[in-house]
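Just so we're on the same page: letters track the sequence lines, and every chain starts at 1. Worth saying up front: this structure is predicted, and the values here are computed from it rather than measured.
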Protein chains: 2
Amino acid sequence: MDKRPTMSDVARLAGVHKATASRALNPATSGQVNPATARRILAVAKQLGYTPNTTARSLRTSRTLTVGVLIPDLTNPLFPPIVRGIENVLFPRGYTALVANTDNDAEREAAHFDTLLGRQVDGFILATGRRTHPLVQSAHDRGIATVLVNRGTDPPMFPLVTGDDTAGITAVVDHLAELGHRRIAHLAGPVTLSTGHARTKAYLNAVAAHGIPPSVVETSTYSAPAGFDAMRKVLDAADPLPTAVVAANDLIALGALRAIRAHGLSCPDDISLTGFNDMPFLDELSPPLTSVRVPQYELGTESARLLLEQMDGGPAVAKTLTLPVRLVLRGSTAPPSR
Amino acid sequence: MDKRPTMSDVARLAGVHKATASRALNPATSGQVNPATARRILAVAKQLGYTPNTTARSLRTSRTLTVGVLIPDLTNPLFPPIVRGIENVLFPRGYTALVANTDNDAEREAAHFDTLLGRQVDGFILATGRRTHPLVQSAHDRGIATVLVNRGTDPPMFPLVTGDDTAGITAVVDHLAELGHRRIAHLAGPVTLSTGHARTKAYLNAVAAHGIPPSVVETSTYSAPAGFDAMRKVLDAADPLPTAVVAANDLIALGALRAIRAHGLSCPDDISLTGFNDMPFLDELSPPLTSVRVPQYELGTESARLLLEQMDGGPAVAKTLTLPVRLVLRGSTAPPSR
DNA sequence: TCGTTGACTGCAACCGGTTGCATTCGCGGC
DNA sequence: GCCGCGAATGCAACCGGTTGCAGTCAACGA
């Protein structure tokens, strides 16, 4: 009601100077004060329901115990697990995550970045996966601890945590080739995004290894409508049609599935289809979608851990941590019928 | 690199006192300074790349321009749209949301609440929908602006924004009754949660209106596994089996669907099934799930607006804002076969 | 006995802004 | 020509902690 008790209040009631109270209340310095005094101060604090004012502390220490997390879009099912992973590692260490959605828009991204800078975040986790060079450069110039998720930068400046896109796509193509497919198309993600680029490259290498001619259609965004459009292009143009389609992610695969049906074809009877990311509930689709499971939660926890290392004073080594992915076979892939 | 320039730096270079710089830089008080002086100060500020230190400002003004958002679990597809709605309203007003996941755990919830209090948030949006009475009471006692989403408290203390659960469930039951169903079971959400309670009550009223005997199995959580277990209970115990099942939300419906199949039955041929919330991709299920669309994004925007009202000094009127829902018919409901 | 040491505590500056009040100054009115 | 007034700016306290330094005091060794 009135106001929250301050440290001075506690000190006064305990009959000590506020400096002593400060030391007693801070576990790192409580060894400096007489145990009996400390006990008394703690008792008063508890009785008053005292909680320290983080703002004041931050002003003096210039550490806010906050980190900025930039992601494209929380409603994309890929990101919530990452965010939870981050939070679950940071919270026990006293950090709070400030999550901002960029919608893959450079302006929004810059606005959020500046806001977060103004809030004196101690570090950044950038999971936007887009050409974040200006931001990354800016973070680097200011010496702000930063970790990247999914996409690195060309002269590497900060640690990167990523799923093994190459291994995932290779496993998918191998699987399809083993089933007997010889015409395998790829619905690529936007090449402006790191994952789009990496997966396309992996696809090209993998089909080449099997002596299969490449066939790539790029989508405008990682979304179902974009997948629908791209798939329609394939269906309209290709002759003969591919017997299998490797989508760059699950949403694109969903859109492709709709297009396949709209074209009077069936999956997997006419065309096998694979996704990427293994987002929730793919099991329940008809047919259940074969996909590549990316350990999203672990991407979050590992990136948070790397960030903590840096904020604890470790150097910003631009190492890359690649987490293994796993091919999840389901009903959307089958041997070619013709 | 070195350090960020402070307001004193700006003032020194502009040849004024930092108080003048402060007034010039703050749009609300810039009228107090000579336009020419102000221009000069702004020029210096821009040249230096000055950005105000939010922490220092907050300490003095005791407003942090942050709000705490408590939700159960970000990976539940219900919440990301709500959070985005909140952010999209708050960000243009300069506010940043601190999102915390409680996992429906009282201890975690309290821990996050205290942390956020320590961070001096200016307000709370509580979307936990659980018995948050202690937190709500605490917020009320301290006079902190608060808005509830989904669940109110018994002596109403704060505004509440909610979807129209009653109308949604009623529409579902009406629809099933119209199709000719006379044995309609309900897989209820946990009664400890407001939505579970409200939807069960709505179900009971609705079936009574149709002269249909009620049949309720409560689930332990709003999850697919819990839905699976509950549905199995229904399948094992009920004789004759229900011809339609109203699940309290989509996840429960998904679990129920698995149980129905595991029992050798088919949906909707043997049993019609409905969900609630209309989470993404229900369209793609087999069969596509009939559900009730809740305007989640709008729940977020409206709650944020109500919170802004309070933080702008408005009274904390405990009004309830009920947003309309819409029944979305899909393939999982059909007339009973027998 | 006295100086030394170490444990404990107090003092006061400091972090970077904001803001009530005082001061200065120019100008118009009487 | 003097007074009063308002605009513009400076001064300094303040927000609530943290921390280097200094002071106090008792125990200990020589």
Report all interatomic pairs (protein N or O, nucleotide N or O of nucleotides 6-10 of chain D) with separations under 3.5 Å.
{"residue": "D:dT9", "atom": "OP1", "partner": "B:T37", "partner atom": "OG1", "Å": "2.5"}
{"residue": "D:dT9", "atom": "OP2", "partner": "B:N34", "partner atom": "N", "Å": "2.7"}
{"residue": "D:dG10", "atom": "OP2", "partner": "B:H17", "partner atom": "N", "Å": "2.8"}
{"residue": "D:dG10", "atom": "OP2", "partner": "B:T20", "partner atom": "OG1", "Å": "2.6"}
{"residue": "D:dG10", "atom": "N7", "partner": "B:R23", "partner atom": "NH2", "Å": "3.0"}
{"residue": "D:dG10", "atom": "O6", "partner": "B:R23", "partner atom": "NH2", "Å": "2.9"}

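Looking at heavy atoms from C-beta onward, A:D103 lies in side-chain contact with B:R84 at the 4.5 angstrom threshold. Side-chain contact between A:L78 and A:Q296 is present, with heavy atoms from C-beta onward closer than 4.5 Å.
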- Derivation and outcome, side-chain hydrogen bond (donor to acceptor under 3.5 Å, both in side chains), residues A:T115 and A:R119: CA-CA 6 Å; A:T115 302; A:R119 291 192 179 281; over 6 Å; no
- Hey, mind stepping through A:R142 and A:S138 against side-chain hydrogen bond (donor to acceptor under 3.5 Å, both in side chains) and telling me if it holds? CA-CA 6 Å; A:R142 298 164 198 257; A:S138 168; 3.2 Å; yes
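A:S22 comes within contact range of at least one nucleobase, with a heavy-atom separation under 4.0 Å.
Between atom OG1 of residue B:T55 and atom CD of residue B:Q120 there is a gap of 11.5 Å, rounded to the nearest 0.5 Å. Here the CD1-CG distance, from B:I71 to B:N150, works out to 11.5 Å after rounding to the nearest 0.5 Å. Note that the CG atom of A:L70 and the CZ atom of A:F124 stand 6.0 Å from one another [nearest 0.5 Å].
A side-chain donor-acceptor contact under 3.5 Å links A:T195 and A:Y222.
Nucleotides of DNA chain C that come within less than 4.0 Å of any heavy atom of chain A span, from the 5' end to the 3' end, C:dC8 to C:dG16.
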